[in-house]
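Structure, as structure tokens:
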Amino acid sequence: MKTPQIPLKAYTPPHDALDAVSRFHEIVSQRRTVRQFSDRAVPREVIERVILAAGTAPSGAHKQPWRFIAVSNSEIKHRIRMAAEEVERDFYANKASERWLKDLEVFETTPDKAYMDSVPWLVIVMALRTTDDGGQVYYLNESVGIATGLLLTAAHHAGLATLTHTPSPMNFLREVLGRPEHERPYMVIPMGYPAEDCTVPDLQRKALDEIAVFIE
Ligand code: IYR
């Protein structure tokens with residue numbers, strides 16, 4: 001059966017294109033990865049919408065090969081923290097190269113992930129290695145990467161701070177969360193308001209001529 005075609009409802013911004021994209025850039029340029037979170041509550045409805053926004057991502061053959069596990073349960077957050085810290089202790093003590101540790105100095109990261117207890121939500125992104133009924137998926141990393149980018153952007157748009165955390169290995173998540181084999185843990189994303197005294201490293205973003213090449 002052929003999928004029916006419908007007319008595209010094209011999105012027209014309320015401002016001209018340059019004005020619209022400039023406003024958007026202004027908003028997203030304020031996003032920073034945060035490692036100090038407030039315990040201020042975030043309603044579940046907000047997280048639901050953020051996830052719905054992530055779920056608008058394009059995906060290979062529209063298989064939508066992602067699942068977002070949103071955890072506010074203190075006991076489960078704590079179990080994730082404990083397991084993640086164990087993995088990170090091994091990373092800092094044994095796995096990371098000298099160069100890697102040097103590159104991380106500016107972020108002052110350590111195996112201590114105390115914010116995983118205080119942050120109101122941990123959103124764990126799962127990449128589906130097959131569809132839920134065992135079917136093929138395509139361009140899995142690209143698809144889930146785009147969805148995760150939208151998740152971070154939607155959270156930022158709602159005033160929420162995020163952190164992209166990839167403890168490695170992170171198989172423990174499937175067990176702690178009771179998730180099936182075909183869900184591959186992709187990223188752990190603490191999501192909440194930044195702490196009032198939150199600081200971030202003074203980093204600069206690359207200029208346009210460093211990230212873009214125009215061939216006209
Ligand atoms: N996963 C570790 C180390 C770490 C690695 C990178 I690359 C970062 O950009 C930040 C941290 C941790 O979370 O501490």
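Whatever order the structure lists ligands and atoms in, that order sets their numbers, starting from 1. Because the structure is predicted, anything quoted here is derived from the model rather than measured. Values below: all heavy atoms of this structure, side chains included; hydrogens, waters and symmetry mates excluded.
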*Quick one: CD1 on Ile124 to CZ on Arg67, what's the gap to the nearest 0.5 Å?*
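Rounded to the nearest 0.5 Å, the CD1-CZ separation comes out at 13.5 Å.
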*Can we call the ring centroids of Tyr186 and Trp66 under 6.0 Å apart?*
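No, the ring centres sit 6.0 Å or more apart.
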*Let me see the working for Thr109 and Tyr92 under side chain to side chain donor-acceptor pair (under 3.5 Å), right down to the final yes or no.*
CA-CA 10 Å; Thr109 54; Tyr92 284 94; 2.7 Å; yes
*Let me see the working for Gln30 and His25 under side chain to side chain donor-acceptor pair (under 3.5 Å), right down to the final yes or no.*
CA-CA 9 Å; Gln30 291 175 63; His25 175 224; over 6 Å; no
Below 3.5 Å, can you tabulate the donor-acceptor pairs from side chains in residues 145-155 to any protein atom, sequence neighbours excluded?
residue : atom : partner : partner atom : Å
Thr148  : OG1  : Val144  : O            : 2.7
Thr153  : OG1  : Gly149  : O            : 2.7

*Could you tell me whether His157 atom NE2 has more than 12 heavy atoms of other residues or ligands within 6.0 Å of it?*
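Atom NE2 in His157 is not crowded, with 12 or fewer foreign heavy atoms closer than 6.0 Å.
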_Heavy-atom contacts with ligand 1 below 4.0 Å: which residues, ordered by chain and residue number?_
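Protein residues near ligand 1 are Arg35, Glu88, Phe91, Tyr92, Trp100, Leu104, Thr109, Thr110, Lys113, His165.
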